[in-house]
Amino acid sequence: MDKEFLARSADLVAPDLLGYTLVRKIGGVEYRGLIVETEAYTADDPACHGYRRKTPRNQAIFGKPGSVYVYLIYGMYHCLNIVTDVEDVCSAVLIRALALDKIPAWVTLGKKEKPDRVAAGPGKLCRALQIDRQLDGIMLKPGAGLWLEPASDRLKPAEIYQTTRIGITQGAEIPWRWYIKEHPAVSKK
DNA sequence: GTCCGGATCACT
DNA sequence: GTGATCCGGACA
């Protein structure tokens, strides 16, 4: 895919990633998820993990555009970020929700859980697609374990809703969360 | 060295 | 509102 697309600041890339497809290949099977919700984190953003300095945990967020940053949160969930902007600048797009084309066999639906919501949330989508710290720092590559496919049709601005990010205290007022309006797989309205 | 709280989620 | 459960980073 176009290298320049991801070599921009995360707040520009995040809305553009809506409608893209994230592909995860496990055991020769490709699982496709339409990206329906994203958040942006940048170098001058206090909520960004790389805001203070580079550490072993967060070094991947300083990587090349098109690589990924995966971290453990609350001791039990992983979150997937697409690294953007140039190398050594911390900038990434958190993938918050996907609409999967099929439910992997290892996913067990909750009692009242709808199938179209098994990847509705950053922790849930990593669990559904077996994304963990083993993938931290890898490059997206078609045909490998994880990659992106461009949207077939560009979404109209009227189909996208922009609002504030979820679950943070620092920089909570910055409106850097985007989702596809009326989509059932969005994590929260 | 210790301890707090987090880019979460499911259940009450 | 709370518990599960880890660990980076501030020092409360």
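Since the structure is predicted, the reported quantities are computational estimates derived from the model, not experimental observations. So that the names make sense, note that chain A is the first sequence line, chain B the second, and so on, each numbered from 1.
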Is there any protein nitrogen or oxygen under 3.5 Å from a nitrogen or oxygen in nucleotides 10-12 of chain C, and what are the pairs?
unit_1 : atom_1 : unit_2  : atom_2 : d
C/dA10 : OP1    : A/Arg52 : NE     : 2.9
C/dA10 : OP1    : A/Arg52 : NH1    : 3.3
C/dA10 : OP2    : A/Arg53 : NH2    : 3.4

* Asked: Under a 4.0 Å N-O cut-off, is there an ion pair linking A/Glu30 with A/Lys102?
  -> no
* Asked: Would A/Arg165 and A/Glu39 pass as an ion pair if we require N to O under 4.0 Å?
  -> no
* To do: Rounded to whole angstrom, note down the C1' distance from C/dC7 over to B/dA10.
  => 23 Å
* Please find out if less than 6.0 Å separates the ring center of A/Tyr31 from that of A/Trp106. => yes
Using nucleotides 2-4 of chain B, report all nitrogen or oxygen pairs with the protein that are shorter than 3.5 Å.
none

Short heteroatom pairs, N/O only, protein and nucleotides 10-12 of chain B, under 3.5 Å:
unit_1 : atom_1 : unit_2   : atom_2 : d
B/dA10 : OP1    : A/Arg127 : NH2    : 3.4

* Name the nucleic acid region contacted by A/Arg57, choosing base, sugar-phosphate or nothing; use a 4.0 angstrom heavy-atom cut-off, strictly under. => sugar-phosphate
* Provide, to the nearest angstrom, the distance between the CD1 atom belonging to A/Ile95 and the C1' atom belonging to B/dA7. => 12 Å
* Can any side-chain N or O of A/Arg57 pair as donor or acceptor with the backbone N or O of A/Tyr71 at less than 3.5 Å? -> no
* Asked: Less than 4.0 Å between a side-chain N and a carboxylate O, is that true for A/Glu37 and A/Lys188?
  -> no
* To do: Could you tell me whether the side chain of A/Trp176 and the main chain of A/Ala14 form a donor-acceptor pair under 3.5 Å?
  => no
* Would A/Tyr41 count as stacked on B/dA7 if the rule is ring centres under 5.5 Å and plane angle under 30°? -> yes
* **Distance test, side-chain N/O of A/Thr55 to OP1/OP2 of C/dG9, below 4.0 Å** => yes
* Asked: Is A/His49 near enough to B/dA7 that one of its side-chain N or O atoms lies under 4.0 angstrom from OP1 or OP2?
  -> yes
* To do: Between A/Thr169 and A/Pro122, just flag the one whose closest nucleotide in DNA chain B comes earlier from the 5' side.
  => A/Thr169
* Asked: What pair of heavy atoms forms the shortest contact from A/Leu129 to A/Ile26, and how long is it?
  -> O-CD1, 3.4 Å
